[in-house]
Chemist: 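I'd like to ask you about the structure that follows.
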Amino acid sequence: MVIAKAWALKKHFDGFPKTSDFDLKKIELPNLKDGGEQKLLLESVFLSVDPYMRPYSRRDMKEGDIMIGTQVARVVESKNPAFTVGTFVVAGSGWRTHFISDGKDLQLLPSSWPESLPKSLALGTIGMPGLTAYFGLLEVCKMKPGETVLVNAAAGAVGSVVGQLAKIGGCKVVGCAGSDDKVAYLKKIGFDEAFNYKSVKSLDEALHKASPDGYDCFFDNVGGEFASVAINHMKKYGRIAVCGAISQYNDSVPQKGPYVQLPMIFKELQMEGFLVSRWNNRREEGLQALLKWVMEGKVKCHEQVTEGFENMPMAFIRMLKGENLGKAVVKV
Ligand code: NDP
């Protein structure tokens with residue numbers, strides 16, 4: 001019999017999450033059976049901490065539920081011939097060290113995944129955040145060679161891939177992030193212009209200086225005040241992909257305008273919100289493209305690895321505070 005550890009949401013977050021909002025539980029798992037749903041026992045190897053967990057916890061969870069989330073897990077016992085012991089999968093089983101599955105919701109890593117490549121990348125660049133960058137740029141921003149792309153939270157899991165894919169697509173890329181170290185990293189991985197939005201005197205001036213002609217595409221991970229300023233720097237017929245609004249996730253009182261209508265009308269902009277799940281039917285295409293670019297060295301990956309399952313709440317809080325460079329993951 002296996003005892004799994006799992007993190008539950010003890011109390012709904014009020015403002016910024018605190019470690020006291022979480023509860024570490026022990027759950028006794030049943031033994032596997034030949035029929036029914038208890039066919040596989042898996043152990044989490046890497047777990048993801050993502051911004052969406054903050055707004056989705058409020059929308060989809062009640063107090064006492066195990067935190068939502070995905071992991072790279074290894075099959076440790078199997079009564080399902082499709083998954084032999086030792087197989088690595090991506091699962092959406094929440095913040096748990098071990099879990100039981102019938103196999104239906106497990107995703108195998110792409111078959112061409114090289115042994116040398118860390119499997120944790122299946123939670124980042126070659127996983128959901130990478131796919132978000134890929135489809136957001138291609139299908140929502142509809143970027144074209146020669147255009148200028150702006151991305152915020154640019155040194156994070158999604159943003160760092162957005163910038164590099166836009167470079168592969170022949171665009172000029174401007175990124176901003178919340179520390180000088182992050183800005184140095186953006187320049188290292190090929191961003192044409194990068195600045196620290198926390199230390200510039202004027203965001204308006206910094207955006208103008210980075211691209212005096214304005215921006216064709218804006219991949220918005222942040223929303224709020226940044227987006228309100230950036231919209232005035234769009235070129236005519238510019239496209240804005242509304243990917244995330246992390247500047248608002250911890251607000252107890254909703255922020256108020258400025259409002260978008262006037263710049264949208266005068267510049268004839270397109271602004272489209274999206275969820276990466278819209279392209280679930282093209283997941284394999286996206287993963288294969290990202291894997292290829294990573295193997296060719298055209299897309300660089302950085303991970304912020306926190307050691308120890310007991311540190312999951314801290315890793316989540318640190319990511320929300322911006323202490324991660326690249327994808328924040330937890331190694332069990
Ligand atoms: P990141 O790895 O980018 O981590 C979050 C980053 O957000 C922090 O490192 C921090 O970077 C930045 N940040 C935090 N608070 C603020 C703030 N108040 N103002 C500005 N920046 C802030 O996370 P992801 O790459 O996983 O996600 C990026 C965004 O994309 C999120 O908004 C997320 O919800 C969204 N998303 C949307 C998806 C979709 O399907 N639409 C799918 C996946 C992600 P810094 O130091 O630069 O401030």
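Remember, it's 1-based here, ligands and their atoms both numbered in the order they're listed. Remember, it's a predicted structure, so these values are computed and weren't measured experimentally.
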Chemist: Identify which one of Arg239, Arg278, Arg282 satisfies the salt bridge (Lys or Arg N to Asp or Glu O under 4.0 Å) criterion when paired with Glu139.
Modeler: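 For Glu139, the salt bridge (Lys or Arg N to Asp or Glu O under 4.0 Å) test succeeds with only one of Arg239, Arg278, Arg282, which is Arg282.
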Chemist: Return the orientation label for the Phe22 and Trp95 ring planes: parallel under 30°, perpendicular over 60°, tilted otherwise.
Modeler: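 Parallel: the ring planes of Phe22 and Trp95 meet at under 30°.
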Chemist: Could you tell me, for ligand 1, which of its N or O atoms are under 3.5 Å from any protein N or O, listing the pairs and their distances rounded to 0.1 Å?
Modeler:
unit_1   : atom_1 : unit_2 : atom_2 : d
ligand 1 : 2 (O)  : Ala157 : N      : 2.9
ligand 1 : 2 (O)  : Asn324 : ND2    : 2.9
ligand 1 : 4 (O)  : Asn324 : ND2    : 3.4
ligand 1 : 9 (O)  : Lys182 : NZ     : 3.3
ligand 1 : 9 (O)  : Asn324 : OD1    : 2.6
ligand 1 : 11 (O) : Lys182 : NZ     : 3.3
ligand 1 : 21 (N) : Tyr197 : OH     : 3.2
ligand 1 : 25 (O) : Ala157 : N      : 3.2
ligand 1 : 25 (O) : Val158 : N      : 2.7
ligand 1 : 30 (O) : Asn221 : OD1    : 3.3
ligand 1 : 32 (O) : Asn221 : O      : 2.8
ligand 1 : 32 (O) : Tyr249 : OH     : 3.3
ligand 1 : 34 (O) : Tyr249 : OH     : 2.7
ligand 1 : 40 (O) : Val276 : N      : 2.8
ligand 1 : 41 (N) : Cys243 : O      : 2.9
ligand 1 : 41 (N) : Phe274 : O      : 2.8
ligand 1 : 46 (O) : Gly178 : N      : 3.3
ligand 1 : 46 (O) : Lys182 : NZ     : 2.6
ligand 1 : 47 (O) : Gly178 : N      : 2.9
ligand 1 : 48 (O) : Tyr197 : OH     : 2.5

Chemist: Who else is in the cluster with Leu32 when I, L, V, M, F, W and Y are joined by side-chain contacts under 4.5 Å?
Modeler: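 Taking Ile, Leu, Val, Met, Phe, Trp and Tyr as members, Leu32 shares its hydrophobic cluster with Val2, Ile27, Leu29, Leu41, Ile66, Val76, Ile100.
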Chemist: Quick check: closest heavy atoms across Leu24 and Phe309, and the distance to 0.1 Å?
Modeler: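 So the two residues come closest at CD1-CE2, 3.9 Å.
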Chemist: With under 30° as parallel and over 60° as perpendicular, where do the rings of Trp279 and Phe135 fit, or are they tilted in between?
Modeler: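 Correct class here is parallel.
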Chemist: What is the ring orientation for Phe218 with Phe226, classed by angle as parallel under 30°, tilted 30 to 60°, or perpendicular over 60°?
Modeler: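 Ring orientation of Phe218 relative to Phe226: tilted.
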